Amino acid sequence: ERGRGGGREGKQGLFEVGEVNKLVCPRPASACDNNAGLIHGLLSPTVETGKLTPSSSTSTAMSALSKITREPSLLRDAMAAMRKSARDVQKFVEAVSRKPAATPSGLLRAATTQPGPVLTGVSRSPAAAAAAAADKSRPPLGGAIVSVPSSPTSTLSSTCSPRARPALQPPPLPAAPSSQPSVAAAAAVVDGEVVKDGDLYNGMRILGKKRSKTWHKGALIAIVTTGPAYKYKVKFDNKGKSLLSGNHVAYDYHPLAERLMVGSRVVGKYKDGNSLWLYAGVVAETPNAKNKRRFLIFFDDGYASYVGLSELYPVCRPLAKSWEDIEDSSCRDFIEEYITAYPNRPMVLLKNGQQIKTEWDGTWWRSRVEEVDGSLVKILFLDDKRCEWIYRGSTR
């Protein structure tokens, strides 16, 4: 084609190419005709619109080609690689133009055992489509993930592509609902008034501390904002109202035993002779076999007593250092030392009927051990015949 209409120069060009074929290819001319175009590509810098450039350019190209012919094995390898590339391109074109073959129904069912992208470019018969739709509801066997190409060329593209195709993965499971309340749910405001603060809300039953230091039952009627914290207005059942901080109100229910530990702030039943009061204190012992499964409570006035779980109420918003809520300085210092040194608790060993001296109101009195109950001892003051339970590790 390059020689048509080229006249003398065109024929000369074809003649030169033929001559080169004879020089570099020892096979018959019929076998080398296919290489004429490939070798002619080597002369492409000297060809314009089907005509060769003047003879000086042609001679330059021929001299360059003559250098290549000195190593015929190198040129033969290059031509063999070109022929192989041509065959690969031909196979690729045939694969693209070929009509896609029908996919076996068994393979299609295997592909639908895992959720994934919709298969496109795959011919389905009505029976195969129905089988695939029926198998969509079946769970995967053994958790296997099967990847099926969407078209005949997809296998080729995945092989030639530098990036590997990601395997089909099942959709992520929905997150489990959290049991922790959100920050927004911590406080609720209605018409500019706080009606809920965490687990405290208007109208709930609650215990509050009065000025007499005893605690009484009532109802929470208002939550008031005062600086960075809230205060709680309590209306007592036995008349009266008080605006109290969070460490001076307690829940009107009994806590779980595992929620209480040494140092926990509680309100417990306080027995004074024939009277029964609710008084604040600190847990000094948790239930065990030695104390007969009871809680040892150090009350704020220095009194110690074993109390059952059904006689305790947890404080709503206790201080981080529970002893700081105790007004009496001597009791506060003793409980601070006790909690920080726990479980190291030095105690006096006593036995029933033993004569000792016990401090009361700044004076040491003659006394006698009446009973030992766990960490407590019942002391009888011999002068006034008065009895008192005292912690065996007390400085008294």
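Here the structure is a predicted model, which is why all the values come from computation and not from measurement.
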If every non-hydrogen atom of [X] is compared with every non-hydrogen atom of [Y], which pair is closest and at what distance?
| X | Y | value |
| --- | --- | --- |
| L376 | S305 | CD1-CA, 4.0 Å |
| T286 | F295 | CA-CD2, 4.1 Å |
| S394 | I390 | CB-CG2, 3.9 Å |
| V282 | I339 | CG1-CD1, 3.8 Å |
| L243 | K233 | CD1-N, 3.8 Å |

Is [X] salt-bridged to [Y], going by a charged N under 4.0 Å from an acidic O?
| X | Y | answer |
| --- | --- | --- |
| K378 | D373 | no |
| D197 | K231 | no |
| R396 | E359 | yes |
| K209 | D300 | no |
| E327 | K213 | yes |
| R345 | E285 | yes |
| D88 | K84 | yes |
| E311 | R294 | no |

Given side chains that start at C-beta, do those of [X] and [Y] come closer than 4.5 Å, heavy atoms only?
| X | Y | value |
| --- | --- | --- |
| F381 | C387 | no |
| L207 | D252 | yes |
| V234 | I221 | no |
| R317 | Y232 | yes |
| L296 | N291 | no |
| Y251 | R205 | no |
| K269 | K271 | no |

For the [atom1] atom of [X] and the [atom2] atom of [Y], what is their distance to the nearest 0.5 Å?
| X | Y | atom1 | atom2 | value |
| --- | --- | --- | --- | --- |
| L278 | Y313 | CG | OH | 6.0 Å |
| L200 | K196 | CG | NZ | 8.5 Å |
| Y201 | I206 | OH | CD1 | 10.0 Å |
| M261 | R259 | CE | CZ | 9.5 Å |
| R366 | L380 | CZ | CG | 10.5 Å |
| F299 | C331 | CZ | SG | 12.5 Å |

Tell me if a side-chain donor or acceptor on [X] pairs with a main-chain N or O of [Y] at a distance below 3.5 Å.
| X | Y | answer |
| --- | --- | --- |
| R392 | G374 | yes |
| W365 | W360 | yes |
| H216 | F236 | no |
| R265 | P318 | no |
| S85 | A81 | yes |
| N247 | C316 | no |
| D325 | S322 | no |
| Y338 | A284 | yes |
| S367 | I356 | yes |
| Q354 | K351 | yes |

Co-membership, hydrophobic cluster, residues [X] and [Y], 4.5 Å side-chain:
| X | Y | value |
| --- | --- | --- |
| I379 | L382 | no |
| W215 | Y253 | no |
| I297 | L309 | yes |
| L244 | V266 | no |
| L319 | V315 | no |

request  = Specify whether F298 and F334 have parallel, tilted or perpendicular ring planes, treating 30° as the upper limit for parallel and 60° as the lower limit for perpendicular.
outcome  = tilted
task = Under the ring-ring contact (aromatic ring centres under 6.0 Å, His included) rule, what do Y303 and Y270 come out as? Steps first, then yes or no, please.
result = CA-CA 9 Å; Y303 180 73; Y270 180 94; 5.0 Å; yes
[X], [atom1] atom: more than 12 neighbouring heavy atoms under 6.0 Å:
| X | atom1 | answer |
| --- | --- | --- |
| L349 | CG | no |
| W277 | CH2 | no |
| K210 | NZ | yes |

message = Walk me through whether E371 and W389 qualify under side chain to side chain contact (heavy atoms under 4.5 Å, CB included).
response = CA-CA 9 Å; E371 183 181 353; W389 284 97; 3.8 Å; yes
message = Run the side chain to side chain contact (heavy atoms under 4.5 Å, CB included) test on T214 and Y279 for me, step by step, so that the C-alpha distance in whole Å, both residues' side-chain angles and the decisive distance to 0.1 Å come before the verdict.
response = CA-CA 5 Å; T214 56; Y279 212 76; 4.3 Å; yes
key: Step-by-step side chain to side chain contact (heavy atoms under 4.5 Å, CB included) determination, N352 to V372   = CA-CA 7 Å; N352 294 346; V372 177; 4.0 Å; yes
ask   = Stepwise, does the side chain to side chain contact (heavy atoms under 4.5 Å, CB included) test hold for Y391 with M347?
value = CA-CA 8 Å; Y391 170 59; M347 291 185 287; 3.6 Å; yes
